[in-house]
Protein chains: 2
Amino acid sequence: MLEEGYAAVSSRRVGALVGMNAALVYYYFGTMDGLFIELFRRGAERSLDRLSLALMTPQPLWGFWDAVHDQGNSALTMEFIALANHRKAIRAEIAGYSKRFRQIEIDVLTRVLDGYGLDADTWPAVTVILAVAGISRFMLIEEQFDVDIGHAEMIAVIERHIRALEGERITGNVIGVDGSRST
Amino acid sequence: MLEEGYAAVSSRRVGALVGMNAALVYYYFGTMDGLFIELFRRGAERSLDRLSLALMTPQPLWGFWDAVHDQGNSALTMEFIALANHRKAIRAEIAGYSKRFRQIEIDVLTRVLDGYGLDADTWPAVTVILAVAGISRFMLIEEQFDVDIGHAEMIAVIERHIRALEGERITGNVIGVDGSRST
DNA sequence: GTCTATACCGAGATAGAC
DNA sequence: GTCTATCTCGGTATAGAC
């Protein structure tokens with residue numbers, strides 16, 4: 001799916017990949033849609049876990065930035081968004097998870113930013129979240145196309161603001177993809 | 001392509017849609033890739049024209065915001081990005097146009113923002129561009145999924161900053177998709 | 001649970017008549 | 001320039017043996 005796009009994912013190829021028969025895809029997932037939904041769910045649950053961990057850190061803002069800035073799932077997410085364009089079941093799935101993500105981010109960061117003394121009227125927490133997430137994803141997409149004009153400057157600006165609120169990043173808090181904590 | 005995804009675009013369907021034979025697609029475009037590239041080019045050229053017009057306005061910042069924020073092209077752009085994941089020719093095409101867009105934006109807005117007295121060290125023009133473009137596109141994607149939590153607040157924050165730099169928006173300057181000027 | 005066999009469809013692409 | 005005819009491939013999905 002990552003290498004050749006969602007259209008290249010077929011029961012025959014999945015079967016061949018795992019060394020089994022293509023018909024088993026239908027036995028286990030019913031339809032191809034079922035397979036895609038299950039695949040999306042597993043990835044989304046992992047991402048939710050990772051986000052929660054990052055937000056429980058002593059530096060939740062740095063944690064959020066790291067979680068959202070990291071590459072891994074970005075290309076796959078794009079593929080699912082394109083896939084959702086014409087598969088209603090998948091569209092509903094993505095919408096549901098997006099809202100869950102957003103709600104967790106809002107719940108935690110509203111308190112955190114308030115604690116840092118950020119004025120919620122000029123910068124509501126949800127706008128900080130949208131800005132960081134949007135800018136991050138945009139840069140990740142551009143990187144896929146080897147377009148990185150201004151990325152370094154953008155990252156510098158964002159990290160300057162995070163630093164002003166939450167202080168210098170303490171590297172020991174970084175949460176890995178597997179939930180591990182770097183030393 | 002918009003309604004059912006790029007995978008649903010086939011020579012047979014294109015032929016049927018225009019009431020002619022499927023083989024003509026190959027006569028005119030060589031391959032399906034050729035058709036996609038031509039389609040992308042035409043859309044991109046139109047968007048480039050529109051951007052240029054918006055930046056020639058007496059309020060280039062508002063013009064930029066409108067051009068990037070509106071975009072009926074967003075869903076189509078997502079589809080092309082997904083398509084580019086596994087078609088090298090299209091990937092190169094998108095990369096090239098992205099850089100052209102970015103360069104025009106930088107050329108104009110660097111001068112404009114400097115004229116407004118914005119400090120280029122704390123907020124280089126390219127970071128303003130990336131932020132506005134990234135946040136916009138993120139919200140447009142979310143809207144496709146009926147997720148709009150915090151969008152109104154986000155728009156308010158961005159427009160407040162534009163207003164602080166460029167003053168109240170003068171509606172007579174709005175450039176339509178067709179290049180027309182609203183009254 | 002895993003397989004084979006198969007039905008059915010539509011994809012990309014080309015050859016060649018007109 | 002437009003068509004018909006056709007090749008080859010691989011897709012989704014199901015039936016039914018083992």
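Below, chains carry the letters A, B, ... as their sequence lines are ordered, and counting in each starts from 1.
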For B:Tyr6, the ring-ring contact (aromatic ring centres under 6.0 Å, His included) test, sequence neighbours excluded, returns A:Tyr6, B:His86
Quick note, ring-ring contact (aromatic ring centres under 6.0 Å, His included) partners involving residues 103-128 of chain A, not counting sequence neighbours, are A:Trp123-B:His161
Going 5' to 3' through nucleotides 3-18 of chain D and flagging B where a protein heavy-atom sits under 4.0 Å of the base, S where only the sugar-phosphate is that close, and - otherwise, we get BB-----SBBBB----
(message) Need one value for B:Tyr28: base, sugar-phosphate or nothing, where a base atom within 4.0 Å counts as base even if backbone is also close, heavy atoms only.
(response) sugar-phosphate
The side chain to side chain contact (heavy atoms under 4.5 Å, CB included) partners of B:Thr110 (sequence neighbours excluded) come to B:Ile106, B:Ala125
Across all chains, not counting sequence neighbours, the ring-ring contact (aromatic ring centres under 6.0 Å, His included) partners of A:His151 are none
The complete set of salt bridge (Lys or Arg N to Asp or Glu O under 4.0 Å) pairs with one or both residues in residues 122-135 of chain A, sequence neighbours excluded, reads none
